[in-house]
Amino acid sequence: SVKQPVNSSSCQAFQPSTRLVVPDGIGTPFDRAGRVLAGLAEGTLGVRLFVNQRPGEEGFVAWRDVAAEEPEGHQLAYVTEGLLATEGKKSGGLGPEDFEMVAQTDRGFAVLVAIGDPEIETIQGEDFENFGNLVEGAKKDPGLVEVADAGQGTVYRAGALRLERDLDVDISNKSFANKSPVEAIYNGDVETALVPLDWNVYSDLLAGELTPLVVLSEKRAPDLPKVPTAKELGHDVTVPVFGGVAAPAGTPPEVVDELGRAFVGASSSRTFGRALLGTGREPEQKGPEKFEAYVEKQAMLLRKIEPARQR
């Protein structure tokens with residue numbers, strides 16, 4: 001028998017859908033951001049976009065998944081500053097070079113926090129009500145101030161080291177294998193932590209369980225309008241906190257450009273801005289070239305931190 005030609009409309013129905021993998025679970029802010037971006041971008045791209053949640057290993061479960069896929073533009077990852085942490089065991093050598101940066105869609109804020117509940121005793125027994133208290137304590141007693149962060153090779157450890165250098169004080173950097181920096185504060189292991197302003201931290205700040213000391217970003221966090229930046233206090237120290245979309249390395253430039261236009265447009269919408277309310281993040285747009293350059297610059301700055309200090 002002679003096979004009948006397949007019409008173009010049938011072919012369109014079998015076009016592969018596009019998957020956006022987010023590095024967190026269902027219902028989390030990253031999942032919410034991913035689903036809103038996907039919903040807004042699929043009309044522009046003319047393909048079905050669905051979100052796949054792959055939490056674990058501080059994002060690297062999701063990122064390894066996508067990096068291993070064919071670079072055809074149908075497998076995408078929501079990436080964050082965590083991708084820069086190539087020195088950690090979880091990365092397995094994976095880094096920005098394994099991706100084509102498609103578009104930055106949002107930015108976050110790094111905040112130095114201390115215990116807010118005086119009933120919780122820390123090992124050193126120190127309470128810091130503001131950034132000035134912390135600086136005074138660090139200068140009076142070198143090594144007294146302990147700052148928990150995400151660990152070696154991360155932008156948060158680099159930020160803490162740069163702050164130490166800028167203040168000309170001795171700060172003890174700590175990271176813990178089985179607890180988050182904030183959990184380390186609550187357990188009394190440390191007095192302070194340098195963390196991203198995510199929904200959990202924001203909730204604890206609203207409840208008074210944590211005290212915000214300073215924001216390490218270019219400008220104040222909209223959710224913490226009364227908390228100054230380190231720059232305002234005379235210390236030029238910032239930590240890059242970002243979110244965006246990336247495709248596997250080798251994805252054709254024309255595909256990356258098309259995806260970039262779609263996701264920049266999606267993140268520019270009021271709907272996406274509303275989706276980020278209360279998450280500690282806000283929309284921020286960069287197309288493929290600018291996002292790639294930004295990530296490369298942040299990776300370079302991270303590598304400049306003395307290896308001997310990254311312990």
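Any value given below was found using the heavy atoms of this structure, including those in side chains, with hydrogens, waters and symmetry copies removed. Keep in mind that what you see is a predicted model, and the values were worked out from it rather than measured.
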Measure the shortest side-chain to side-chain distance between Glu183 and Asn178 over non-hydrogen atoms and say whether it is less than 4.5 angstrom. no
One should read off an interatomic distance between Glu97 CD and Glu100 CD, to the nearest 0.5 angstrom, of 11.5 Å
Looking only at heavy atoms, the pair that brings Gly59 and Pro23 closest together is CA-CB, 3.6 Å
Co-membership, hydrophobic cluster, residues Val241 and Leu301, 4.5 Å side-chain: no
Salt bridge (Lys or Arg N to Asp or Glu O under 4.0 Å) pairs, two or more places apart, involving residues 244-253: none
Between Tyr186 and Asp204, do the side chains contain a donor N or O and an acceptor N or O under 3.5 Å apart? yes
Spell out, as yes or no, whether a donor-acceptor pair under 3.5 Å connects the side chain of Thr105 to the backbone of Phe263. no
Let me confirm one number: the CD-CD1 distance from Glu191 to Ile185, rounded to the nearest 0.5 Å. 9.0 Å
Same cluster (ILVMFWY, side-chain, under 4.5 Å), Leu197 and Leu206: yes
Partner residues of Lys139 under the side-chain contact (heavy atoms from CB on, under 4.5 Å) criterion, sequence neighbours left out: Val135, Val169
What pair of heavy atoms forms the shortest contact from Ala247 to Val102, and how long is it? N-CG2, 3.8 Å
Considering all heavy atoms, the nearest Gly34-Val22 contact: CA-CG1, 4.1 Å
Find out whether Ile115 and Thr211 are in side-chain contact, i.e. whether some heavy atom of one side chain is under 4.5 Å from a heavy atom of the other. no
Joint cluster assignment, Trp199 & Val111, ILVMFWY side-chain distance < 4.5 Å: no
Atom pair NE2/CG of His74 and Leu45 - distance to nearest 0.5 Å: 10.0 Å
Look only at the side chain of Glu209 and the backbone of Gly116, and say whether a donor-acceptor pair between them is shorter than 3.5 Å. no
Could you tell me whether the side chain of Phe60 reaches within less than 4.5 Å of the side chain of Leu83, counting heavy atoms only? yes
Val21 side chain near Trp63 side chain, heavy-atom distance below 4.5 Å: no
Are Phe50 and Leu76 joined in one hydrophobic group, where the rule is that I, L, V, M, F, W and Y side chains link up if heavy atoms are under 4.5 Å apart? no
Is there a side chain to side chain contact (heavy atoms under 4.5 Å, CB included) between Asp24 and Arg54 once you walk through the steps? CA-CA 6 Å; Asp24 215 339; Arg54 295 296 309 275; over 6 Å; no
Nearest 0.5 Å please: distance from the CG atom of Leu194 over to the CG atom of Leu161. 10.0 Å
Residue pair Glu69 / Arg19, side-chain heavy-atom distance below 4.5 Å: yes
Under 3.5 Å side-chain donor-acceptor pair for Tyr156 and Asn173: no
Between Gln298 and Leu84, which heavy-atom pair has the shortest distance, and what is it? CB-CD1, 3.8 Å
Could you check whether any side-chain heavy atom of Val255 comes within less than 4.5 Å of a side-chain heavy atom of Pro252, counting everything from C-beta outward? yes
At what distance, to the nearest 0.5 angstrom, does OG1 of Thr271 lie from CZ of Arg274? 4.5 Å
Output the distance between atom CG (Leu40) and atom CZ (Phe272), rounded to the nearest 0.5 Å. 8.5 Å
Go through the steps for Arg157 and Ser175 under the test side chain to side chain contact (heavy atoms under 4.5 Å, CB included), then give the verdict. CA-CA 9 Å; Arg157 173 61 58 84; Ser175 61; 3.6 Å; yes
Could you name each residue pair satisfying salt bridge (Lys or Arg N to Asp or Glu O under 4.0 Å) that touches residues 31-43, not counting sequence neighbours? Asp31-Arg35, Glu42-Arg48
Check: Phe99 and Thr251 side chains under 4.5 Å, non-hydrogen atoms: no
Residue set satisfying side-chain contact (heavy atoms from CB on, under 4.5 Å) with Asn200, at least two apart, ordered chain then number -> Asp198
Ignoring hydrogens and angles, write down the donor-acceptor pairs under 3.5 Å from the side chains of residues 283-295, residues two or more places apart or on other chains.
residue, atom, partner, partner atom, Å
Gln285, NE2, Ser267, O, 2.8
Lys286, NZ, Gln104, OE1, 2.8
Glu292, OE1, Met101, N, 3.1

Compile the donor-acceptor pairs under 3.5 Å between side chains in residues 212-222 and protein atoms, sequence neighbours left out, one pair per line.
residue, atom, partner, partner atom, Å
Glu218, OE1, Lys231, NZ, 2.8
Lys219, NZ, Glu282, OE2, 2.9
Arg220, NE, Glu232, OE1, 3.2
Arg220, NE, Glu232, OE2, 2.8
Arg220, NH1, Pro225, O, 2.7
Arg220, NH2, Glu232, OE1, 2.8

Does Ile26 CD1 have over 12 foreign heavy atoms under 6.0 Å away? no
Let me see the working for Asp106 and Tyr78 under side chain to side chain contact (heavy atoms under 4.5 Å, CB included), right down to the final yes or no. CA-CA 11 Å; Asp106 55 275; Tyr78 179 88; 2.9 Å; yes
Just wondering, do Pro228 and Phe131 contact through their side chains at under 4.5 Å, heavy atoms? no
Can you establish whether the number of heavy atoms outside Lys297 located under 6.0 Å from its atom NZ is more than 12? no
I would like to know whether Val182 and Val201 meet side chain to side chain contact (heavy atoms under 4.5 Å, CB included); could you show each step before the answer? CA-CA 8 Å; Val182 169; Val201 171; 4.0 Å; yes
Closest contact, heavy atoms only, Ala33 versus Leu276: CB-CD2, 4.2 Å
Where do Ala41 and Leu49 come nearest, in terms of heavy atoms and distance? CB-CD1, 3.9 Å
Leu205 reachable from Leu277 in the ILVMFWY side-chain graph, under 4.5 Å edges: no
